Amino acid sequence: MNHIISVLVENKSGVLAKISGLFSRRGFNIESLAVGPTDDEKIARITIVVNMDEDSVEQVTKQLHKLINVLKIQKLDPDYSVQRELVLVKVNSENKNRAEILEIANIFRANVVDVTKNSIMLELTGAGTKINAFEELLKPYGILEVVGTGMIACGRGKKT
Amino acid sequence: MGKINGSQMLLKCLVSEGVEYIFGYPGGKVIPIYDAIYDEKKIKHVLVRHEQCAAHAADGYARATGRTGVCMATSGPGGTNLVTGIANAYMDSVPIVAITGQVSTVEIGTDSFQEADITGITDPITKHNYLIKHVKDLPNVIKEAFYIASSGRPGPVLVDIPIDVQNALIDEQIKGEINLPGYKPTVRGNLKQIKEAAKKIHQSTKPVIFSGGGVIASNASSLLKEFVEYAKIPVITTLLGKGSYPENKELSIGMAGMHGTRYANMAFVETDLIIGIGVRFDDRITGKLSEFAKNAEVIHIDVDPAEIGKNVKVNIPVVGDAKSVLGDLIVEYKKINEEKGKADFSEWIDMIADWKKKFPVYYDKNSNLLKPGFILETLQELTKGEAIICTEVGQNQMWAAQYCKTLEPRTFISSGGLGTMGFGLPASIGAQFGRPDKMVFDIAGDGSIQMISQEFATAVSNNLPIKIILLNNGNLGLVKQWQELFYNERYSETCIRGCVDFVKLVEAYGGIGFRVKEKKDVEKTIKEAMSINNLVLIDFWIDPDENVFPMVAPGSPISEMLDHKQVKK
Ligand SMILES: Cc1ncc(C[n+]2csc(CCOP(=O)(O)OP(=O)(O)O)c2C)c(N)n1
């Protein structure tokens, strides 16, 4: 099962290596990892998605807590948080099928960010399932490249 | 305001942390620090002969005294040589601060001469590490390093200092401050949980206390004794927990696990409640996990929440420092006993006492061959259990654990988690510096001692009267034992007999050597060694085929123990 772990860390060099190292060393796979700033420049947020059972998440969370530079850890409930990922998808596109692709983009509310005579690049934000569906529909045209940010997430409501 | 350089500031910080000794070895990227050491009056630098031993010596010092040990090495190979010692301290939760030189900040990342990414390398084996990029950070980092190393679950902290930082000037008045918003170890255990624990203990019929290195690390031994004496609950220990409760007492059941006593393992099979304190239920203790202590509920007291539930299922977790939790537990447990009547475990204790009689640790007392059990029992008598016993790794270590009854905390020093051959002698050096009032023995094997024999020089040149009890079997004995029992006696690369004259070797370094081949010489030689104020090595030619029993085969449940009868042909 996928779990979203949101980790606030001191924004210092070496911290990311300590965190990713901890996962690999204890045999835990990371599905995605996204690092970004917060409202405090001394603090960064790392959003990690992992696929593992409850006990392992528990263990990983405890191990993360032991890292000196980790300030706070939240396990986000998928039903009570907003999850977003941004992808850039570059697809084959000729004159004859461009309209179809734009139609798909439109339905998903993706933006066109680059067009050449034989390719088109689309930008889409959303949760994982939406992005998967989008990619599925574009596959028949020939996807040239997908670049994703990995998931970020934020708990709903006032609580932080 | 006067200015000093980073190296002088470093020493100033170490002095204010109360550091007495630095175990180290110089090199190009720490020359400024060594230049400052040249003038340092309050700290003694101990020059080892290999950096690995600097880390082990700091470790041995820390285990023997409870204070944080300090080791130092140059960049590149100096730092990488420390790695085994740091990993060893990490596995056994020993507070040490390792200081390494580094190439200058502008050279970092360019593969310059003797550059190694020592913070990267030691990430998995340190509690925390630092690369200091500005001299202004140095006082804070050193203060934090000592605080992190010694608080919560202790462990090694490495501080990497580029040479330009060592040379940079800083105001001499600056004092370090701790700023660690993400680090708040829990000390006090949750009182509700402790009350639950007290209740559970009172309801149990066959409880055991399972005491580990954490009890010693938190200086909780006297509270443990108080608790045991009041509650009358028997105590099993881990290897690192030896000495957390005196092993000569009736309620001590000794060490459990792969080479633990039969009665300790039997107690685990029978018990209905394990009160684990400062232990991590390591696989060398539990054997096959799914079969471990099937009849028991578990109370687990540990300062590190990540240890709770990691290996065994826990019914009542208590996160907190052993000393603080034991203090509260004693109060709560007494309350319950006063309310509901004193719990009585005497039947259970009698059962264990009976096992103790039936299944003592065994060696053939009639044999003419020199048996390690005989040597170590003699040592025990002569030292009255008052010496500090360090061990190497292998059969020697397990025999030491079985035959040397540890009576006080911090007097049995052994590499548990990492099982590092070559730990014992440098650890003895650290222990002897830390405890000059104590006699220090290193129980060694002929394989292990060859990994670090250069440290004879460190011992002799510092007038350390360490006694090495070399249980020389001409084999890498413990590996040979596995080959004998599980690999059809195919002794691949485990015979090392006949290459080294250990008496000459120690004498070449200025120490004293004896050789003992017969039982009758054991007592008088140990006695003589004890009267010599110098490094002494006694080369005991023991029965080369003696194995360590009982033994739980790897992957077996601890109820299935092999003993000498089952295997002797
Ligand atoms: C550094 C290191 N290398 C290898 C091992 C694997 N090992 C464990 S016990 C042992 C044999 C030890 O031989 P010796 O020191 O002679 O002790 P004995 O078992 O004979 O008492 C070996 C090789 C180890 N524990 N540590």
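All heavy atoms count here, side chains included; hydrogens, waters and symmetry mates do not. Letters A, B, ... are given to chains in the order of the sequence lines, protein chains preceding strands, and every chain is numbered from 1. Keep in mind that what you see is a predicted model, and the values were worked out from it rather than measured.
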Interatomic spacing from [atom1] in [X] to [atom2] in [Y] - rounded to 0.5 Å:
X        : Y        : atom1 : atom2 : result
A:Lys66  : B:Glu307 : NZ    : CD    : 6.0 Å
B:Ile125 : A:Arg25  : CD1   : CZ    : 10.0 Å
B:Tyr147 : A:Ile68  : OH    : CD1   : 9.5 Å

B:Ala306 to A:Gln63 - nearest heavy-atom pair and separation
CB-NE2, 3.6 Å
Shortest non-hydrogen contact from A:Leu71 toward B:Gly182
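In this case the closest contact between A:Leu71 and B:Gly182 is CD2-N, 3.5 Å.
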Counting only heavy atoms not in B:Lys310, do more than 12 sit closer than 6.0 Å to its NZ atom?
yes
How about B:Lys133: does its NZ atom have over 12 heavy atoms from other parts shown lying under 6.0 Å from it?
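No - once you tally the heavy atoms of other residues, nucleotides and ligands closer than 6.0 Å, there are 12 at most.
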Side chain to side chain donor-acceptor pair (under 3.5 Å) filter on A:Ser119, not counting sequence neighbours, yields A:Thr116
Would you call B:Asn129 and A:Lys18 a side-chain contact if the rule is heavy atoms closer than 4.5 Å?
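Touching, per the 4.5 Å side-chain cut-off.
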Does any part of the side chain of B:Pro305, heavy atoms only, come nearer than 4.5 Å to the side chain of A:His65, both counted from C-beta?
no
Which bit of B:Lys184 is near chain A, if near means a heavy-atom gap under 4.5 Å: side chain, backbone, both or neither?
neither
Which atoms of B:Ile148 come close to chain A, meaning under 4.5 Å heavy atom to heavy atom: side chain ones, backbone ones, both, or neither?
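Contact with chain A involves the side chain of B:Ile148 alone.
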With side-chain contact (heavy atoms from CB on, under 4.5 Å) as the test, would you mind laying out the steps for B:His128 and A:Leu67 before giving the verdict?
CA-CA 7 Å; B:His128 193 52; A:Leu67 296 178; over 6 Å; no
A:Glu58 versus chain B, heavy atoms under 4.5 Å apart: side chain, backbone, both or neither?
neither
Please classify the contact between A:Thr61 and chain B as side chain, backbone, both or neither, with a heavy-atom cut-off of under 4.5 Å.
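Answer is neither: A:Thr61 stays 4.5 Å or more from chain B.
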